Amino acid sequence: MQKNYDHKLYEEEIIKKWDESGAFKAKVGVAKKPYTIVLPPPNASGKMHTGNVLMIAIEDILIRWHRMKGETALWIPGTDHAGTETQITFERELKKQGKSRFNFNREDFYKEVWTFVQGNKLLVEAQIRRMGASVDWSRNKFTLDEDVVSLVCKTFEKLNNDGLVYRGDYMVNYCPNCGTTYADIEIDHIERTDPLYYIKYGPFVLATVRPETKFGDTAVAVNPADSRYKEWIGKEIEVEGLSGKFKLKVIGDEFVDPEFGTGVVKVTPAHDPNDYEMGKRHGLATIKVIGLNGKLTEVAGKYAGLSVFTARKQVVEDLMAKGLIEKVDEKYSHTVSVCKAGHDVEPTILPNWFIKIDSLRKPALDAVKEGKVKIYPKWRSLTYVRWMENMHDWAISRQNIWGIRIPAWYNSKANQDLMVSFINSQGAVVKGQISNLLKDYPLVDIKSGLQTLIAPAGANYEISIKEPGEDYLQETDTFDTWFSSGQWPLATLGYPDSEDFKYFYPTSVLETGWEILSKWVSRMMMLGIYLTGTPPFKDVYLHGIVRALDGRKMSKSLENIINPEEYIKEFGVDALRMGLVAGTANGKDFAFPRDRVIGYKKFANKLWNVARFIEPITPKPNSVDNEDDQKILDELNEVIKKVNLYLEKFRFAEVAELIYEFIWHRFADIYIERVKNRKEEAAGTLRHVLMNCLKLFHPFMPFVTEAIWQEIFPEQGMLVSQRWPE
RNA sequence: GGUCGCGUAGCGCAGCUGGUUAGCGCACCGCAUUCACAUUGCGGGGGUCACUGGUUCGAAUCCAGUCGCGACCACCA
């Protein structure tokens, strides 16, 4: 053995040995207890980040521990296609080449992204392997694998048969820049200062930040208890507008805060979530002012075709000129919705696909309330309960190409008003209503060049995995990625009738970052119970988010992103994994613990040198234990007991500290120092304690422990397959 | 506005269902060193556990309130 442990000499080689041994391949059917974890699939197009490292470290600890305990431990790896994110990344690449997604038909674009993702996917998989993750690669899955797609489509079909799918106009967060809708949880709310305009509206004055939407106003609302305006409720007012006079109804609605502005609100049901709700309550018409391209529609008269911001400027100028603006509050601070790319999101009405969640939510909520599924740390389960209680129907369609296409079909003859855009045989983009397009083009051409299709809310459709007939066009929307990843535990285990599914389902632990508790965990719960009657996991362990060294969130703009690769190179995988695991104790967010990473690199070396001390000692035959020997053995047994206890409670940091303290300070500093003059006599105890320490610490620092094991106990085979000390 | 969490040594934190002199890492100070390890060893300083009140034989730990900080959810045009 060399004087110091050099991780670079061992890590790659040990991974190869583990691979060759097949130790991570789980076999079904033996009379053993199954222990299953499904790896939350990292983005196939991204790079491994520190959060992924922590996740892998924790799950690897659990899996290696249970494997050594003699259970059939299965850890299923996989990668996620990450719909919107990947598509945006790819489109950025396209832009550099002077292209956009509008240069492609749907099918070709999909193929392009597929190719783009494949390379990255391999890199991510290599990184998972590099982390020492003891996953079963023979069961590796990608969220767009054929069997996954098939399951997801079948589930959708089943939901539809159960009457849980509907299509409807719905207020969505539409980003004209990205050309897609976002779920509520995908958008951010940021503080911003915008001018608040006080506009004369017939007999009233009302405040708004969005004067350009006034063309979509279908009422004016006041609080029913507001004595100033009470008498107006139910009456019509005449308003002097930019294109002449028009009439509006006055409604009374509790939503209106008499204290804010003038206590009068213009109601624009097509472009504001609250107004939309009010519109529903009062049966108001919805008039679309902003189109899907982010520009004003024909109803805006001369402002049609202008972008929202230009239109706003124009409208304000013209209102000023007409004397219709009473005053402007330039310092009005409010929150606006933006997408992940930072664009303003337009609340817009679009036909979308929905799932009724009432019947799905109840059992998913009860499972946690009744303790059938336990969430750690416990206080996080409150977040889950609150979220589930407030959940709305789930919009599962996305106007993305990169994803699982919704298996719904529109008959082109029965639905004359489908809006279609496609690339014709000359390579030109053609848009229009299907009934008109069919006069000039055969349906086959439209089908092969299809880009997007928007069917009105009332369109006739059929849900079918296969094309129902020649006259049909398939929906161009794809599923929300959380709809497909919500079935991940089932998809990876080959639901419904594989041997894996029967043996390994439900999985043991779902381990992930708390930030996707509502996005992902809740959906897996709902869909898992819906399909199988059983929650997809018994325990949920939520780790904290790894922040930057300064304790702030990692972000590109702050330039504080920590690249795990650098740490792996300098300190080794073991040290990085261990540092992260020991740095988080109770599921709270925490700053990247650089000090600990360094500390555990030193620890790896300490352990190495303990072994190096013990290795050359030849045991004396018939040696008897003395007091020191007995003491260290007792202490070891105490540690073993505690380690098991802590691991059962997911208290990884405590285990780390405990074993670290035991090996370094009790075993090395005290015991070894004391036996130096009777080494040969103590050899048996020395080897015994070392052996058990290696086992105990193997799940945490798999490389250095395996490396030492191979040096000292090669006759025993590999450490990965050793029996856990009980 | 709603919800959750945090405030313990200079810094970063642990202390789970209350129990002897409150711990860990880093930093700091002194000493040692041909020994398995300088990626080392031995020793040391440093805290009225945010504040106020309560429960208790006993509170950093439980309860109430106050102040400060953070996160998530919602959104008043």
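A note on names: the letters A, B, ... follow the listed sequences, proteins ahead of strands, and every chain is numbered from 1. Treat the numbers as computed from the prediction; the structure is a model and nothing was measured. All heavy atoms count here, side chains included; hydrogens, waters and symmetry mates do not.
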| query | What about Glu673(A), does its side chain sit under 3.5 Å from the base of A36(B) through a donor-acceptor pair? | reply | yes
| said: Under 4.0 Å from OP1 or OP2 of G41(B): is there any side-chain N or O of Lys606(A) that close? | reply: yes
| Closest to side chain of Arg596(A), choosing from C76(B), G12(B), U40(B) | G12(B)
| Whichever of Phe590(A) and His665(A) has its nearest RNA chain B nucleotide further upstream toward 5' | Phe590(A)
| Out of G25(B), C4(B), G41(B), which nucleotide sits closest to the side chain of Asp669(A)? | G41(B)
| query | Is it true that Lys8(A) and Glu11(A) make a salt bridge, defined as a side-chain N closer than 4.0 Å to a carboxylate O? | reply | no
| Considering only C26(B), C37(B), C76(B), which nucleotide approaches the side chain of Asn609(A) most closely? | C37(B)
| request: Please check if any side-chain donor atom of Thr268(A) sits under 3.5 Å from a side-chain acceptor atom of Lys266(A), or the reverse. | output: yes
| field | Dot-bracket notation for RNA chain B, counting Watson-Crick and G-U pairs under 3.5 Å, with | for partners on another strand | value | (((((((..((((.....[...)))).(((((.......))))).....(((((..]....))))))))))))....
| Can you tell which of A36(B), U40(B), C16(B) lies closest to the side chain of Lys602(A)? | U40(B)
| message | Any side-chain N or O of Lys588(A) below 4.0 angstrom from OP1/OP2 of C13(B)? | response | no
| Is Arg651(A) near enough to C16(B) that one of its side-chain N or O atoms lies under 4.0 angstrom from OP1 or OP2? | no
| message | At less than 4.0 Å, is any side-chain N or O atom of Asn274(A) found next to OP1 or OP2 of C76(B)? Yes or no. | response | yes
| Side chain of Phe613(A): nearest nucleotide among A36(B), C37(B), G41(B)? | A36(B)
| request: Please report the shortest heavy-atom distance between Ala364(A) and Tyr384(A), naming the atom on each side. | output: O-OH, 2.8 Å
| Less than 6.0 Å separating the ring centroids of Phe204(A) and Tyr201(A)? | no
| task | Among A36(B), C16(B), C76(B), find the nucleotide with the atom closest to the side chain of Phe255(A). | result | C76(B)
| remark: Phe260(A) CZ to G1(B) P, in whole Å, measures 15 Å
Result block: side-chain N/O donor-acceptor pairs under 3.5 angstrom for residues 638-649 of chain A, not counting sequence neighbours:
| unit_1 | atom_1 | unit_2 | atom_2 | d |
| --- | --- | --- | --- | --- |
| Asn644(A) | OD1 | Trp65(A) | NE1 | 3.3 |
| Asn644(A) | OD1 | Trp724(A) | NE1 | 2.9 |
| Asn644(A) | ND2 | Ile640(A) | O | 3.2 |

| message | In whole Å, I'd like the distance from the CD atom of Glu515(A) to the C1' atom of U3(B). | response | 18 Å
| First of Pro258(A) and Phe603(A) reached from the 5' end of RNA chain B, by closest nucleotide | Phe603(A)
| note | Nearest heavy-atom approach of Val250(A) to Trp232(A) is CB-O, 3.5 Å
| query | For Phe667(A) and G41(B), what is the distance between atoms CZ and C1' respectively, to the nearest whole Å? | reply | 17 Å
| said: Looking only at the side chain of Trp379(A) (C-beta and beyond, no hydrogens), which of the listed nucleotides G5(B), U39(B), A36(B) gets closest? | reply: G5(B)
| Is any side-chain N or O of Lys553(A) closer than 4.0 Å to OP1 or OP2 of C72(B)? | yes
| query | Of the nucleotides C35(B), U40(B), U3(B), which one has an atom closest to the side chain of Lys676(A)? | reply | C35(B)
| query | Under 3.5 Å, is there a donor-acceptor pair between the Arg577(A) and Tyr600(A) side chains? | reply | no
| remark: The nucleotide from G70(B), U39(B), C76(B) with an atom nearest the side chain of Asp257(A) is C76(B)
| query | So, for Phe650(A) and Tyr376(A), is the gap between ring centers shorter than 6.0 Å? | reply | yes
